[in-house]
Amino acid sequence: MEQLIPFDKYILIKILVDDKTKGGLFIPDQEEKSELGEVVEIGKGLVSKNIEIGQKVILKKHSGNMVEFNGEKYRVCEEKDLMLKVISQ
């Protein structure tokens, strides 16, 4: 099974909300400045007490690099691109 593993201080985040319909139509939203994602892998060079695998985060829209792998969308970004963590109470 293939897996994506980020190098150094990069974070791999699975995008949870898509900006396209199931039919492939793009949904424009000029006001949207962020994306919801889930941390799936953390590079070995990143030492942070703020980020852990499985954590939901809000990251800057269009930050890092978009990667499509096995039909899923991911962003490879740095810790500075993360704005908020989502905590369920």
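From a predicted model like this one, the values you see are computed outputs, not experimental measurements.
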### Hphob cluster co-occupancy, Leu59 + Ile53, side-chain heavy atoms under 4.5 angstrom
yes

### Query
According to a 4.5 Å side-chain heavy-atom criterion applied to Ile, Leu, Val, Met, Phe, Trp and Tyr, with indirect links allowed, do Ile15 and Val57 form part of one hydrophobic cluster?
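As far as the 4.5 Å side-chain criterion goes, Val57 and Ile15 are not connected within one cluster.
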
### Summary
Of Lys60, Lys14, His62, the one forming a side chain to side chain contact (heavy atoms under 4.5 Å, CB included) with Arg75 is His62

From [atom1] ([X]) to [atom2] ([Y]), nearest 0.5 Å:
{"X": "Lys56", "Y": "Lys85", "atom1": "NZ", "atom2": "NZ", "answer": "15.0 Å"}
{"X": "Glu38", "Y": "Leu16", "atom1": "CD", "atom2": "CG", "answer": "6.0 Å"}
{"X": "Ile13", "Y": "Ile42", "atom1": "CD1", "atom2": "CD1", "answer": "9.0 Å"}

To check you understand the geometry: which heavy-atom pair defines the closest contact between [X] and [Y], and what is its length?
{"X": "Pro6", "Y": "Glu41", "answer": "CD-CB, 3.5 Å"}
{"X": "Met66", "Y": "Tyr74", "answer": "SD-O, 3.1 Å"}
{"X": "Leu46", "Y": "Ile51", "answer": "CD2-CD1, 4.1 Å"}
{"X": "Leu4", "Y": "Leu12", "answer": "CB-CD2, 3.5 Å"}

Check residues 76-83 and write down every donor-acceptor pair under 3.5 Å in which the side-chain atom is one partner and the other belongs to a residue at least two apart or another chain.
{"residue": "Glu79", "atom": "OE2", "partner": "Ser48", "partner atom": "OG", "Å": "2.8"}
{"residue": "Asp81", "atom": "OD2", "partner": "Glu78", "partner atom": "N", "Å": "3.2"}

